[in-house]
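Everything below concerns the one structure shown next.
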Amino acid sequence: MSSRPEPVGPELLREWGLPDPGDSKKARGDVVIVGGSRSAPGAALLAGEAALRVGAGRIALAVPASIDAQVGVALPESGVVALPDHADDPFEGDLRDHVARADVVLVGPGFDDPDETRATLLAAVAAGARRLVLDAFALGVLPGVERDALPPEVVLSPNKDELGILLDRDLRDEATDVAEVARRFDAVVGCYGTVAHPDGRLWRVGEGGAGLGTSGSGDVLAGAITGFVARGLPIERAAVWGAWVHARAGSRLEERVGLGFLARDLTVELTPTVRDTLAAD
């Protein structure tokens, strides 16, 4: 396969299209987002809203019991289930049922302890997670997790620091580095607009700007990718769609309001960005 990234724009995304939304939320997929902590409860919320804003049908937030009530009030469109009090405990009851029937499970946003994150990731897999999107601390622990312990379809959404952790070396060339991580972990990888498939395919999003460098932006990106996976796209196309709408939403906000917009502004901008991408001439 060529190592030259394929440029991503509305023409390519219109050619790919999006799955038929059907006539109910059930047709657009179920998402479970596993994350959150007392120190960062908003990360799971941003990811959950982003998944809904790109068209996912239903979401459930699986968060620590210490914040489940607050999270449920903050995002009333979601279901909320509590994680076990001890990370080494298996998922049971409603939590296990949610994960087993989900089309995709996002693990990582808002977690703040590596050992607990690793245990929770493995518990989600044991509960039947069929597709995974990994972000934040779930990426940091990935080198210590056997690839065979995870489902075949995995998307990684690292920032540059996390990409370096996955490579275990300094960064050199973005496209080469992202492609190496994709091969090494047998996963689709998206980082700062570059998306790589382990078979060698590469895509490059040229949108975005400095405004995307805001707290919570990565949670929005991970949630958008997860939402597109839930809708039924192949995981590599979901990662490309997510990278595009996240970056293009940032460009639109910079053009309209300037630098200083918030991650929650990005979530709201995702929906019209998807619409306009599909409708562009």
Side-chain angles (χ1 to χ4, degrees), residues 8-10 12-35 42-61 75-79 102-109 131-135 153 155-157 188 190-193 195 203 205 207-208 211-212 214 216-253 261-280:
V8 176
L12 175 65
L13 297 176
R14 288 201 310 274
E15 178 184 332
W16 286 357
L18 291 173
D20 190 311
D23 57 4
S24 79
K25 61 187 178 184
K26 294 181 181 180
R28 300 199 306 275
D30 279 358
V31 170
V32 173
I33 295 172
V34 182
L45 291 168
L46 287 168
E49 181 174 345
L52 290 172
R53 294 283 187 182
V54 301
R58 299 187 295 190
I59 70 164
L61 303 179
L75 190 62
E77 297 87 353
S78 71
D103 295 285
V104 56
V105 178
L106 167 60
V107 180
R131 298 178 189 87
L132 288 174
V133 178
L134 303 184
D135 185 43
E153 294 188 285
V155 182
L156 311 182
S157 184
V188 170
C191 180
Y192 284 65
V195 177
W203 297 269
V205 173
E207 288 280 343
L212 291 175
T214 187
S217 178
D219 303 314
V220 174
L221 172 58
I225 294 169
T226 302
F228 284 121
V229 175
R231 292 192 62 177
L233 284 172
I235 59 171
E236 69 275 10
R237 292 190 176 188
V240 173
W241 259 104
W244 165 263
V245 298
H246 176 258
R248 181 59 189 145
S251 296
R252 287 160 60 115
L253 286 167
F261 57 83
L262 304 179
R264 60 178 179 263
D265 301 321
L266 275 171
T267 63
V268 176
E269 194 69 23
L270 294 175
T271 304
T273 300
V274 174
R275 177 200 62 200
D276 293 348
T277 298
L278 290 172

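This is a predicted model, so every value here is computed, not measured. Side chains included, hydrogens not; waters and symmetry mates left out as well; all remaining heavy atoms used.
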Derivation of the side-chain contact (heavy atoms from CB on, under 4.5 Å) call for T226 and D135:
CA-CA 11 Å; T226 302; D135 185 43; over 6 Å; no
Between S251 (side chain) and G208 (backbone), is there a donor-acceptor pair under 3.5 Å?
yes
Looking at every non-hydrogen atom in both residues, tell me the closest pair between A224 and A50 and how far apart they are.
N-CB, 3.8 Å
Working to the nearest 0.5 Å, report the span between CG of L106 and CG of L134.
8.0 Å
Heavy-atom nearest pair, G55 first then R28, reads O-NE, 2.6 Å
Given side chains that start at C-beta, do those of V220 and L270 come closer than 4.5 Å, heavy atoms only?
yes
Approximate separation, where rounding is to 0.5 Å, of D219 CG and T267 OG1:
11.0 Å
So do T277 and W241 actually touch side chain to side chain, heavy atoms under 4.5 Å?
yes
Spatial distance of atom CD (E49) from atom OG1 (T271) [nearest 0.5 Å]:
8.5 Å
On the 0 to 90° scale, with breaks at 30° and 60°, tag the W203-W16 ring pair as parallel, tilted or perpendicular.
perpendicular
Shortest non-hydrogen contact between A263 and L46, atoms and distance:
CB-CD1, 4.0 Å
When every non-hydrogen atom of L253 is compared with those of E269, the smallest separation belongs to CD2-OE1, 3.9 Å
Closest non-hydrogen atom pair, L233 against G17:
CD2-O, 3.9 Å
If we ignore angles and hydrogens, is there a donor and acceptor under 3.5 Å between the side chains of S217 and H246?
yes
Output for pair (R248 CZ, E207 CD), nearest 0.5 Å, gives 4.5 Å
Is there side-chain contact between F228 and R237, with heavy atoms separated by less than 4.5 Å?
no
Kindly compute the distance separating OG1 (T214) from CG (D265), expressed to the nearest 0.5 Å.
8.5 Å
Quick one: are V240 and L13 in side-chain contact, heavy atoms under 4.5 Å?
yes
Does a salt bridge link D276 with R252, judged by any charged N lying under 4.0 Å from a carboxylate O?
yes
Trace of the side-chain contact (heavy atoms from CB on, under 4.5 Å) decision for L212 with L266:
CA-CA 9 Å; L212 291 175; L266 275 171; 3.9 Å; yes
Is the shortest heavy-atom distance from the side chain of D103 to the side chain of R231 under 4.5 Å?
no
